[in-house]
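Whatever order the structure lists them in is the order used to number ligands and atoms, beginning at 1.
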Amino acid sequence: MANIIFHSNTKTFHLYNHQISYIMCVLENGHLGQLYYGKKIHDKEDFSYLVEKCGRPMTSYVFEGDRTFSLEHIRQEYPVYGSTDYRHPAVEILQENGSRISDFQYQCYEICGGKPKLNGLPATYTESDDEAMTLCVVLYDKVTQMKVELFYTIFEKGGVITRSVKLYNEGTRPVHLLTAMSLSLDLPDKEYVWMQLSGAWSRERHVKNRMLEPGIVAIDSMRGNSSHEHNPFMVLKRPNADENNGEVIGFSLIYSGNFRIQAEVDTHDVTRITAGINPAGFDWKLEPRESFQTPEAVMVYSDTGLNGMSQTFHRLYRKRLARGYWRDRPRPILNNNWEATYFDFTEDRLVEIAAKAKECGVELFVLDDGWFGERNNDQAGLGDWIANRERLPRGIKGLSERIEALGMKFGLWFEPEMTNKDSDLYRAHPDWILQTPERSASHGRYQYVLDFSRKEVVDCIYKMMYQILSESRISYIKWDMNRSITECYSAALPADRQGEVFHRYILGVYDLYERLTSAFPQVLFESCASGGGRFDPGMLYYAPQGWASDDSDAVERLKIQYGTSMCYPISSIGSHVSVTPNHQVFRNTPLHTRANVAYFGTFGYELDLNKLSEKEIGQVKEQITFMKEYRELFQFGTFYRLKSPFEGNETVWMVVSEDQNTAIVGWYRVLNGVNMSYSRVQLKGLKADTLYENTQNNTENYGDELMNLGLITTDVTSGEVVGDAVPCTDFESRIYLLKAKEQ
Ligand code: DGJ
């Protein structure tokens, strides 16, 4: 049950479901105040005691003759700067006379079942009106005649509230939006650890923590893509919260471009969270009668720690953000040729790789970069989406037919947003790249970013992609994006609209995704940006899975996948087994460990299986058989993190089936030791009274034993190898399969 109550006497809104309450009221000055967000509490007509008015030296006050009402001290929902509040605002509007002050007063509200769509932007959705309720609060600034609609959707299940904002210019003069955040939330204290997912190329989404203190903490992107550096996701957790206990709030922005998530703790320890499009460089001109829609932000409250929060995000993003044919389908096991061949392949060589993969049980063969134009290396060809006939004499059509004749599906790589100067596309349209007049255009990997803010550019790429997709037998697309934007400027926009380019670019990307996924609804899309440079919820709306990182080393992947799982469902995490020595860190890890990590994702191979020994091929066949049997559990089961790779030598995580009858535990140890401690790990999510058979060590235990005493993970070879035990080495791992016994 989700409900939204409006108490008209006190002008108080109470959004609640069985887990959470979110309470706001109209303040004395007409602005919207924030009263409470947290675990569900009783409804009451009046919560006005939560408006903490006070007079303090150096405070400025709103009303003549009154020394109590200051926005500096009052918690708000969509604050402005400069009219007694000195903190960073949620909205800032530059007006023709140069003023940036606005005064958004409550006008009216509307409540409806379900959730309205966000035009042109990815967002969560409902499939029936009783899954959620939406409140729209309308605010109005009479000087600028700007209207703001604040949308709040509370879902029936889980501690989820989504927020977005629509701004309308109802006046007669243009204005410039300089800040238009999707979410602003003032919390009454600062006793939180701020947790973010940060990193770089090949070490994406590492967990980083710090205690909040007065001042500003922020993560953002100014690269045009959400970035490898910071994911548009942040958690506030109480210092005593952990994976399974305590209060945490997760904030996630459904956006793939420049974003900012910020906490500003003021001197009285009030914490203001804002999330939305990065105000740095943003300047959106809004003509009379035009409107602007912000991206959607999602807040998840959990009082069962990080696992509780993640499970809510997983369910929501898997079921009500991802869409289409593949949403609920187990993902095909694929073999991608990139690390097998790089640019060095012929049609026959590809077929040879695919044939071996087929023999092992692989279902989908993916041809990566290098199949088009003059793409013999990374210096040419991007933008010319026509097969290179020297390599592929029968084109993509011919190759895809050969692959299908083997009994496999065929997938293809594109990098639609880019061009090389050495390409027919660039030669024909040199003004189609983002570049600033009279300045040199920087490159990344010899490539330039197409101006996707222009419809004709998106149309042209769509046409080329449509042609190939419709004439060939393509079941999967890997959509790559290998550089960030520099010298951002569009030749097609006037001077006073250049601050719109970054956002218009992303809208163009979304538009192309929308057109292609609508035209080819059964094609599985995987997003990618040099690995995980755009692994964000915006992409998930179009592509239900994403290549999590170019780093396919099993040890590195523990951290990457652990961090990624904080917000993103296992079914979205592209993870493959690759060769050793690994191509990114040159490490040798056992084949079983590489698979044991990759199972917790979409699973596939990034190598030429012809190069493996007979023994290894035997192992690969077993891995594929195992994954086929359990992939629904891996990808759609309830996921628990049990031991963190950021805190020690061992990582443990597990998935549990919906009926709790089957569970798989992944146990990983980076370095071997000698004569090590006895070790056990307390499992989660099992049925206490059910007896589970453990097929790894042929034991039987009740759920309550496994969850309270724990699963014994001691290494029996630690010290001395007794009997026929196989000695463990570095990078060891085990999969424990637990099955409820029929009783
Ligand atoms: C970067 C991707 O992350 C890789 O998987 C591969 O597709 C290359 N680009 C190809 O250029």
Side-chain angles (χ1 to χ4, degrees), residues 199-205 223-229 231 256 334-345 350 353 364-385 387-388 391 396 410-420 422-423 443-450 465 474 476-484 509 524-536 539 543 545-553 556-557 560-561 564 572-579 582-585 594 598 601-608:
W201 172 81
S202 267
R203 61 172 164 82
E204 297 89 341
R205 292 173 299 286
R223 298 171 161 266
N225 52 313
S226 50
S227 88
H228 298 86
E229 284 69 18
N231 198 259
S256 311
L334 67 83
N335 187 182
N336 178 304
N337 77 308
W338 179 240
E339 289 195 7
T341 65
Y342 295 104
F343 292 108
D344 184 17
F345 60 81
L350 296 172
I353 296 171
L364 167 70
F365 175 76
V366 178
L367 171 55
D368 210 280
D369 195 353
W371 57 266
F372 49 90
E374 293 303 311
R375 187 77 169 166
N376 299 315
N377 52 44
D378 60 9
Q379 302 190 14
L382 287 174
D384 297 342
W385 301 110
N388 178 320
R391 287 178 176 193
I396 289 299
F410 176 74
L412 193 60
W413 180 96
F414 284 93
E415 193 174 0
E417 300 150 67
M418 302 291 158
T419 189
N420 292 109
D422 186 0
S423 71
H443 73 95
R445 203 194 189 197
Y446 311 102
Q447 64 195 52
Y448 298 83
V449 185
L450 287 171
M465 292 179 77
I474 296 176
Y476 162 106
I477 285 183
K478 178 174 171 187
W479 178 321
D480 205 347
M481 193 275 190
N482 285 302
R483 67 157 293 190
S484 299
V509 171
L524 172 61
F525 281 73
E526 177 153 347
S527 71
C528 173
S530 278
R534 208 162 57 184
F535 198 104
D536 59 56
M539 288 289 114
Q545 59 191 60
W547 184 223
S549 177
D550 273 350
D551 196 336
S552 53
D553 171 68
E556 294 296 308
R557 275 292 182 135
I560 294 167
Q561 292 178 206
T564 305
S572 71
I573 302 177
S575 50
H576 301 165
V577 173
S578 61
V579 289
N582 171 269
H583 287 195
Q584 292 77 41
V585 295
R594 283 174 268 156
T602 58
F603 200 70
Y605 292 83
E606 189 90 7
L607 46 77
D608 179 355

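- A cation-pi arrangement is present between Arg391 and Phe345, with the terminal nitrogen or guanidinium carbon under 6.0 Å from the aromatic centre and inside a 45° cone about the axis.
- Not one N or O of Trp338 is nearer than 3.5 Å to an N or O of ligand 1, by distance alone.
- Here is the list of ligand 1 atoms found below 4.0 Å of a heavy atom in Trp547: 3 (O), 5 (O).
- Under a 4.0 Å criterion applied to the non-hydrogen atoms of Lys478, ligand 1 contributes the atoms 4 (C), 5 (O), 6 (C), 7 (O).
- Side-chain rings of Trp371 and Trp385 approach one another, their centers coming within less than 6.0 Å.
- In terms of polar-atom proximity, Ala529 is not counted as a contact of ligand 1, lacking any N or O under 3.5 Å from an N or O of the ligand.
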> Between Tyr446 and Tyr448, does a ring pair (Phe, Tyr, Trp, His ring centres under 6.0 Å) hold up when you go through it step by step?
Replying inline: CA-CA 7 Å; Tyr446 311 102; Tyr448 298 83; 9.4 Å; no

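- Of all atoms in ligand 1, listed by their number and element, those nearer than 4.0 Å to a heavy atom of Asp369 are 10 (C), 11 (O).
- Of all the atoms in ligand 1, the ones that sit under 4.0 Å from a non-hydrogen atom of Gly531 are 3 (O).
- In this structure, Glu417 and Trp479 have side chains that are in contact, with non-hydrogen atoms separated by less than 4.5 Å.
- For atom 4 (C) of ligand 1, the closest heavy atom belonging to the protein is Asp550 OD1, 3.4 Å.
- Aromatic rings of Trp413 and Tyr476 (six-membered ring for Trp) have centroids beyond the 6.0 Å cut-off, not under it.
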